[in-house]
Q: 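Below is the structure I would like to discuss, written out as structure tokens.
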Amino acid sequence: MRSRIVADGFSLFTDRNVVAMRVNGELRDLAVEVTETDLVEPVTIESPDGLNILRHSAAHVLAQAVQRINPETKLGIGPPITDGFYYDFDPAEPFTPEDLKAIEKEMQRIVKQGQRFVRRVVTEEEARAELAAEPYKLELIGLKGGADQGDDNESVEVGGAELTIYDNVDPKTGELCWKDLCRGPHLPSTRMIGNGWGLQRSAGAYWRGSEKNPMLQRIYGTAWPTKDELREYQTRLEEAAKRDHRKLGVELDLFSFPDEIGSGLAVFHPKGGIIRHEIETFMRNELLRNGYEVVNSPHITKGALFETSQHLNWYRDGMFPAMHLDEVVDAEGNVTKQGQDYYLKPMNCPFHNLIFRARARSYRELPLRLAEFGTVYRYEKSGTLSGLTRVRGLTQDDAHIYVTDEQVKEEIKSQLEFVFATLRAYGLDDFYLELSTRDPEKSVGTDAQWAEAEQTLREVGEESGLELVDDPGGAAFYGPKISVQARDAIGRTWQLSTVQLDFNQPALFELEYAAADGTRKQPVMIHRALLGSIERFFAILLEHYAGAFPLWLSPLQVVGIPVAEEYGEYLDGIISRLRERGVRAEVDHSDDRMPKKIRTHTKDKVPIQLIAGEDDRSAGAVSFRFRDGTQLNGVPIDEAVDRIVRTIEAREQVNSAWSV
RNA sequence: GCCGACUUAGCUCAGGGGUAGAGCAGUUCCCUCGUAAAGAACAGGUCGUGGGUUCAAAUCCCACAGUCGGCUCCA
């Protein structure tokens, strides 16, 4: 049975937006010839597959440009990524910003030239001969045929069923311009890359993602079907940059990282401090309403505790080094009294275990929920520190819940509900779940324990009705976890709450309780951080709201602005009534003019400006101005005060005039 | 930790071997004003730190620190 050749993709699809096709489910170049028994679907440039092909082809052009400028530069890999692409190189000298400009120019020439991408199947031997000068490509050829056929970034080079090389061919002369080992498919021509692309930055990156390997130089770029889409993407980046919590932290005077204290160690200024206080106060109240007991533990401990908990074994590199205390040395230098190693704590759980163990426990006490805003210190590598999201000193809203085997599922279920309700109250309401399962390389416990625990978490996750994403191998060594990912106002996702099972520590600490039948049993331990770290949660909220916090979280909730100095006293009366009701309010008595005061406090993102002049004073009223410039004029004082207090209590966001 | 870039006044930034500049913020004066910047004066920096080259370094070189962008890591 032989099928007749009917056509290639160019004749099948005349739409210029079609850049490739799916033949029997597989992505292929348009140049491939298909038969009438093949199932053929077009792939347009704006489809997810089409965008990947566009970006991958742009990466090829980047590599060609780099090698045109410096033929000695060795090639790594160059896959498409979210919103763009990169290519890794091993150049004699790292790329400078000027190099990037020159490379971009060269790329423009290649795009304009309209080189054709031509696929060619080669044997391993041929590939090795052609790529003899490319040691990294040779390494990839060597890997092919192993088990490594996954969907990782390397597979764009050698992931197919056969080895292929793509030749870039001059459309007029047919001359070979460049070639690269690649699985494809590609755009028919470099011209189709158009003008919706650009290079972004260069950065170091380990070859094949391992710090044991040499560091290559990676160039990042972005590519879109049209210039308009490129601009849209750039605008999106600018919007995200505007709400960067580090920038807002300075502008709104919320926190800082004084060099004198050390990297990754923040101080919160009064305005940041009050926001943090509100976040914590609300959280504490919720904990108490939900059956938690609050505990407290010190910041340092003797090393033995972290030997018991195995932290010194598993995480020593991430801990601050020991303080060696109490050692006595005589005049000859002999130790006459042994010292002790103390450590700053990287986690709170060992302390909570000691609280559990402080006396005999009964099944009647379970679930026992111990909560603490515990400050921990982790020696994060210098290069990983980033604003408030990755720090060396942080406060976890940490809890450890001790339950019987039978209680596990129900407890996790109610934990998740608690998490959702709490996050919604802070204004985050778009979630999905992630299930992190065992990393066989890095775990303790039996297969049966893991299987059962993972199954329990999966069931709870599925029953929640939310999207559940797998994170294979993402678990900590001591047990699987289910985490809540929240989407913020501009669609970015953040891992927030985690609920984690631990069948290691109860054993290490020999925790037990008296069961109903009089036997002693080991409790199951659940680690639960709801906000994660307060610092990081603070940063997430700050970026989510772009600094315009809901009224209850705003540092200054109400500012009084007199139309002229004369009305300052009248506003003092209104503001002091608000202060009596617990509202953070003050009058701006500075000698700026009124419009300037409005500008100042608008930039400061104060949610409510109360303005008063002659009209308001004679009516016993006050005028509102909200963040978006909307107004409510002549509101009677009682009504104004009540409405503000009610809005704070309801934890509502206020950006615009409310309907009365 | 690794690769690269950057570090000038409280903030944002200009300058670039001959000894420091702007805008905003601050202070004082003046104005008394109805919804995003009245006006004036003053004050503010050993140009990240430490070495070096030089007659002279904020500027050139080296080291260190910090920040940023990535990589690796993230209990």
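A, B, ... follow the sequence lines: proteins, then strands. Residue 1 opens every chain.
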Q: Do Tyr206(A) and G1(B) share a donor-acceptor pair, side chain to base, under 3.5 Å?
A: yes
Q: Please confirm whether any donor atom in the side chain of Thr96(A) sits under 3.5 Å from an acceptor in the base of G4(B), or the reverse.
A: no
Q: Return yes if the base of U32(B) and the side-chain atoms of Glu565(A) contain a donor-acceptor N/O pair under 3.5 Å, otherwise no.
A: yes
Q: For C30(B), give its Watson-Crick or G-U wobble partner with both distances under 3.5 Å, or none.
A: none
Q: Pick out which of Gln396(A), His400(A), Gln500(A) makes a side chain to side chain donor-acceptor pair (under 3.5 Å) with His527(A).
A: His400(A)
Q: On the side chain of Asp616(A), is there an atom forming a donor-acceptor pair with the base of G34(B) - under 3.5 Å, no angle test?
A: yes
Q: Would you check if Leu75(A) and Tyr87(A) make a side-chain contact, meaning some heavy-atom pair closer than 4.5 Å?
A: yes
Q: Rounding to the closest angstrom, what is the interatomic distance between A20(B) and G45(B) at atom C1'?
A: 8 Å
Q: Rounding to an integer number of Å, can you tell me how far Lys101(A) NZ sits from G4(B) P?
A: 19 Å
Q: Starting from the C-alpha separation in whole Å, work towards a yes-or-no answer on salt bridge (charged side-chain N to carboxylate O under 4.0 Å, His left out) for Asp88(A) and Arg218(A).
A: CA-CA 4 Å; Asp88(A) 286 344; Arg218(A) 174 173 297 178; 2.6 Å; yes
Q: Tell me whether the OP1 or OP2 atom of U32(B) has a side-chain N or O from Lys597(A) closer than 4.0 Å.
A: no
Q: Rounded to whole Å, how long is the line connecting atom CG of Asp259(A) with atom C1' of C68(B)?
A: 14 Å
Q: Across all strands shown, which nucleotide pairs with G50(B) by Watson-Crick or G-U wobble geometry, both distances under 3.5 Å?
A: C62(B)
Q: Scan every strand shown for a Watson-Crick or G-U wobble partner of C74(B), both distances under 3.5 Å, and answer none if you come up empty.
A: none
Q: Please measure how far the C1' atom in C24(B) lies from the corresponding atom in C33(B), and state the result in whole Å.
A: 22 Å
Q: Please report, rounded to the nearest Å, how far the P atom of C74(B) is from the OH atom of Tyr478(A).
A: 12 Å
Q: Find the partner of G69(B): check Watson-Crick (N1-N3 plus N6-O4 or O6-N4) and G-U wobble (N1-O2, O6-N3) distances, both under 3.5 Å, and reply none if neither fits.
A: C3(B)
Q: Taking the P atom in each of U49(B) and U7(B), what is the distance between them to the nearest angstrom?
A: 13 Å
Q: Do Asn313(A) and Phe306(A) have side chains that get closer than 4.5 Å, going by heavy atoms?
A: no
Q: Compare side-chain N and O positions of Lys212(A) against OP1 and OP2 of G1(B) and report whether any pair is under 4.0 Å apart.
A: no
Q: Could you state the CD-P distance from Gln396(A) to A75(B), rounded to the nearest angstrom?
A: 11 Å
Q: Between G48(B) and A9(B), how far is it from one P atom to the other, in whole Å?
A: 8 Å
Q: For Arg316(A) and A75(B), is the shortest distance between a side-chain N/O and OP1 or OP2 below 4.0 Å?
A: no
Q: In whole Å, what separates the C1' atom of G50(B) from that of A58(B)?
A: 15 Å
Q: Verify salt bridge (charged side-chain N to carboxylate O under 4.0 Å, His left out) between Asp604(A) and Lys271(A), making sure each step is shown before the conclusion.
A: CA-CA 11 Å; Asp604(A) 234 23; Lys271(A) 285 180 181 174; 3.2 Å; yes
Q: Nearest whole angstrom, please: distance from the C1' of G39(B) to the CZ of Arg593(A).
A: 8 Å
Q: Return the value, rounded to whole Å, for the distance between atom NZ of Lys247(A) and atom P of G10(B).
A: 19 Å
Q: Please report the distance, rounded to the nearest Å, between CZ in Arg392(A) and P in C73(B).
A: 18 Å
Q: Under 4.0 Å between a side-chain N/O of Ser263(A) and OP1 or OP2 of G66(B), yes or no?
A: yes
Q: Give me the one residue out of Lys597(A), Gln609(A), Arg627(A) that meets side chain to side chain donor-acceptor pair (under 3.5 Å) with Thr602(A).
A: Gln609(A)
Q: Taking the C1' atom of each, how far is U46(B) from A57(B), in whole Å?
A: 13 Å
Q: Separation of Arg246(A) atom CZ from C11(B) atom C1', in whole Å?
A: 17 Å
